[in-house]
> 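Next up is a structure, given as structure tokens.
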Amino acid sequence: ASPPPPRDLLPAMTSLKEICRGLPLNPLPENKGRRKGIPHAPVRTPNLTAQEKKLALRNALRYFPPEIQKKLAPEFAEELRLYGHIYMYRFCPDIEMRAYPIGEYPCKTKSAAAIMLMIMNNLDPSVAQFPQELVTYGGNGQVFSNWAQFWLVMQYLSEMTEEQTLVMYSGHPLGLFPSHQRAPRLIITNGMVIPNYSSRDEYEKMFALGVTMYGQMTAGSYCYIGPQGIVHGTVLTVLNAGRRYLRAEDLSGKVFVTSGLGGMSGAQAKAAVIAGCVGIIAEVDEAALLKRHKQGWLMEISNNLDHCIARLRYDLEARKNKIALSLGYHGNVVDLSSPLLVHELDTTGELLVDLGSDQTSCHNPFNGGYYPVQLSFEEGKQLLSSNPGKFRTLVQESLKRHVAAINKLADKGMFFWDYGNAFLLEAQRAGADVTKKGANKTEFRYPSYVQHIMGDIFSLGFGPFRWVCTSGDPRDLATTDSIAMAVLEDSIRQGVSTSVKQQYHDNIRWIREAGRHSLVVGSQARILYSDQKGRVSIAVAINRAISEGKIKAPVVLSRDHHDVSGTDSPFRETSNIYDGSAFCADMAVQNFVGDAFRGATWVALHNGGGVGWGEVINGGFGLVLDGSKEAEERAKMMLSWDVSNGVARRCWSGNAFAYETICQAMKENGSLRVTLPHQVLDENILEQALKL
């Protein structure tokens, strides 16, 4: 056999066909290691024993034939030593990673091509937080555990027929299995660990071994659509926080102080501007600030605290003239809150902030999700790698200082809420003063945004519905926007309750302004909060537009797992469940199963997401609309279940909005029959019975 050509003569890998041929083994691609100029995941510290390190290496090498294992073993061992995980950097493909138009994927089925598009969008450097470590958002939300898995999945998808299903075990493609045309084409589970072993320390070991994975929510289910995915929910949260706390429909001139400009938290800057307020967002990572500024999501950047105060107090354009502003502070939020805002309050008596929250990745506080104020960002990364125990101690001290400042500002009138990132949970574990006297263990001194704001919206059946135009054509997205707006306006004309009408109006405003705010990052996608009726009607209308040629290619429907039915999370999505079942996960598991046999193209079930590993079970789906009658029937059946499951559960827990919503759904669908709760009208009978 002739020797392989010199490496400098090898063509760069640029085609999708090459991506679909399987692992490149002959010749092996050049090992370029970690690329410079892009953000990288923090070094992990799994604390493996010598035997566990050997097992991690053995597990990684089983993707490769014996003749090349000797060459790969030393570099994989080096990755494990340097980074705490084997990412297989050698196999990071040399291709422009993005969502290509669906027709360019070499697949046998449209469903498989749609899945490939969604995967590549999750790994697009303009979308992903740490693209070379396959992390989409949240600091550790993996698409896959290593690059070998990426290559194998793309090969399987290119070969898949409509009578096969690809099975994914925590990033690992178990294989293609015979199924049938109406079955899902893809089944994903991430982090399904036996409950007694679902701890953070065990996770770090299992991830290093390559046997499980933290998929966050839409990272591991391939349904992330960039920070737009949370912008709309953040806008609704800020608007409804203003209504509830400030009694204000107009937030002009109001100040919202928070932290985080990463994969999900990056939405806060854009949301503040859309909501019409002044947003000051602290971020320790300069790369994240620059990324959001370049994308047009962040208007200004400053590393000077005095400048931030000047903008708040003196800037006529922003505060006095009520012009929306998003200002990114390059620094730690603890410095922004205390001594700065607290000092201004103490010395001038002036409270410069109206609303406050936090969106750091506090679900993962000791592995780079929350950096201590005592150190610079670079110093923090170094300490995390060299002395994780000391890093943990400093994080907990920082959390206590952070909360002390919040408490002081809140006592003078700032309204603070937990954004479901486990901030108050981790602060409590650190010893901060967040306890609420007489409360159950899901309640703190400050409410979660679900308890006070989004919980009732979920109970009405509203949640983060989304779609992706696989043509990649912005004109198709504009067509879907028009369709969605027309559907909602028609629903209002037909008559809806006052509470539902307000949500529809908020969503119509969102869609109408979406183009002006340049929300698309990555795939041509849109999100809006909709109820069961709205989701089904929008899906049917989009599917018919595809059939009629008004939209050029299939559309993928999905949603955030953070939804009405998709997530059981006692410190976030189900934190307003007060019947004792907040720690039960039947709803999310039933949703996953029910979506699978009602027509979803793919389904996913995850441990973790949002508030962290071991704290939540959540699931999601993808559904491809191709203009067929079958796709319409699938959408009607699956989307109805996907909402009504959670509304029924919330109704049974005692939520009045959910009771009203599910009763209306039963009136409209005679096949739906839900067990309704009876209220205990006389609380005295409980006391009397317990005395007997």
Side-chain angles (χ1 to χ4, degrees), residues 217-218 227-246 251 256 258 264-265 267-268 271-272 274-275 355-359 363 415-425 442-444 446-466 499-507 509-510 527-532 534-535 559-578 582 587-588 591 609-611 615-616 618 620 642-643 645-647 649-651 653-658 660-661:
M217 291 191 163
T218 52
Q228 180 194 173
I230 196 174
V231 169
H232 188 26
T234 308
V235 170
L236 290 177
T237 299
V238 174
L239 286 175
N240 285 291
R243 288 166 181 156
R244 179 173 185 130
Y245 302 138
L246 307 178
L251 293 183
F256 173 44
T258 183
M264 295 291 278
S265 56
Q268 295 183 107
I274 295 174
L355 300 171
S357 191
D358 177 273
Q359 266 202 56
H363 67 278
F415 294 92
F416 182 89
W417 67 89
D418 182 287
Y419 217 115
N421 58 339
F423 173 74
L424 292 178
L425 179 63
T442 65
E443 293 182 287
F444 299 98
Y446 305 104
S448 80
Y449 75 121
V450 172
Q451 287 170 328
H452 269 200
I453 301 167
M454 299 304 293
D456 284 342
I457 292 176
F458 284 163
S459 294
L460 289 167
F462 283 83
F465 182 54
R466 55 178 61 163
S499 51
V500 169
K501 187 176 182 179
Q502 182 185 61
Q503 297 306 316
Y504 276 175
H505 278 308
D506 283 347
N507 279 281
R509 170 186 169 185
W510 163 260
I527 184 171
L528 89 161
Y529 269 60
S530 187
D531 59 356
Q532 177 180 326
R535 297 185 206 202
R559 58 161 171 75
D560 197 341
H561 298 197
H562 165 66
D563 196 17
V564 180
S565 307
T567 300
D568 283 296
S569 178
F571 295 102
R572 196 163 84 170
E573 284 82 357
T574 48
S575 60
N576 68 330
I577 300 290
Y578 300 115
M587 178 178 72
N591 224 66
V611 296
E615 305 283 1
V616 51
N618 64 88
D642 194 64
V643 177
N645 170 39
V647 176
R649 185 268 179 98
R650 293 168 190 277
C651 165
S653 76
N655 186 283
F657 285 113
E660 174 189 332
T661 303

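What you see is a predicted model, and the numbers here were worked out from it, not measured in a lab.
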> Which heavy-atom pair separates Gly566 from Ala588 by the least distance, and what is that distance?
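Between these two residues, the closest heavy atoms are O-CB, 3.5 Å.
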
> With a 4.5 Å cut-off on side-chain heavy atoms, are Asp560 and Thr218 touching?
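A side-chain contact under 4.5 Å exists here.
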
> If we only count heavy atoms from C-beta on, is the Thr234 to Ile274 side-chain gap below 4.5 Å?
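Heavy-atom side-chain distance check fails, nothing below 4.5 Å.
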
> How long is the gap from CG on Asp418 to CG on Asp358, to the nearest 0.5 Å?
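Separation between the atoms: 8.0 Å.
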
> Give the minimum heavy-atom separation between Asn591 and Ser565, together with the two atoms involved.
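So the two residues come closest at OD1-CB, 3.1 Å.
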
> Would you give the length of the straight line joining atom CG of Asn618 to atom CE of Met217, rounded to the nearest 0.5 angstrom?
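Output value for this atom pair is 4.0 Å.
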
> Check whether any side-chain heavy atom of Glu573 lies under 4.5 Å from a side-chain heavy atom of Asp568, and answer yes or no.
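No, every pair of side-chain atoms sits at 4.5 Å or beyond.
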
> Once rounded to the nearest 0.5 Å, what's the spacing between atom CG of Asn655 and atom CZ of Phe458?
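Spacing of CG (Asn655) from CZ (Phe458) equals 12.0 Å.
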
> Considering non-hydrogen atoms only, spot the tightest contact between Ala241 and Ile453 and give its length.
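Smallest interatomic distance, heavy atoms only, reads CB-CD1, 3.8 Å.
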
> Relative to the ring of Tyr529, is the ring of His232 parallel (under 30°), tilted (30 to 60°) or perpendicular (over 60°)?
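The rings of His232 and Tyr529 stand perpendicular, inter-plane angle above 60°.
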
> Rounded to the nearest 0.5 Å, what's the gap from NE2 on His562 to OG1 on Thr567? Could you check?
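These two atoms lie 8.0 Å from each other.
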
> Under a 4.5 Å cut-off applied to non-hydrogen side-chain atoms, are Phe571 and His363 in contact?
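No, every pair of side-chain atoms sits at 4.5 Å or beyond.
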
> What I'd like to find out is whether the side chain of Phe423 reaches to under 4.5 Å of the side chain of Leu425, using heavy atoms alone.
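No - every pair of side-chain heavy atoms lies 4.5 Å or more apart.
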
> Under 6.0 Å between ring centres: does that hold for Phe462 and Tyr504?
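Yes.
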
> Please tell me if the side chains of Thr574 and Arg649 come closer than 4.5 Å, counting only heavy atoms from C-beta onward.
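Touching, per the 4.5 Å side-chain cut-off.
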
> Would you name the heavy atoms of Ser459 and Asn576 that are closest together and state the gap between them?
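Here Ser459 and Asn576 meet closest at OG-ND2, 4.4 Å.
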
> Please determine if Asp456 and Arg244 form a salt bridge, counting it only when a charged side-chain N lies under 4.0 Å from a carboxylate O.
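No, no charged N to carboxylate O under 4.0 Å.
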
> Just wondering, do Arg650 and Met587 contact through their side chains at under 4.5 Å, heavy atoms?
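Sidechains of Arg650 and Met587: in contact.
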
> Taking the side chain as C-beta and beyond, is there a heavy-atom pair between Gln451 and Thr442 under 4.5 Å?
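Counting from C-beta outward, Gln451 and Thr442 do come under 4.5 Å.
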
> So, taking the atom named CD1 in Ile457 and the one named CD in Gln503, what distance separates them when rounded to the nearest 0.5 Å?
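Rounded to the nearest 0.5 Å, the CD1-CD separation comes out at 4.0 Å.
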
> Measure across Glu615 and Pro570 and return the closest heavy-atom pair with its distance rounded to 0.1 Å.
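The pair with the smallest heavy-atom distance is O-CD, 3.5 Å.
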
> Can you measure from CD1 (Ile230) to OG1 (Thr237) and round to the nearest 0.5 angstrom?
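Reported to 0.5 Å precision, the distance equals 8.0 Å.
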
> How far apart are the closest heavy atoms of Asp642 and Asp563, and which atoms are they?
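Heavy-atom minimum between the residues: OD2-OD2, 4.1 Å.
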
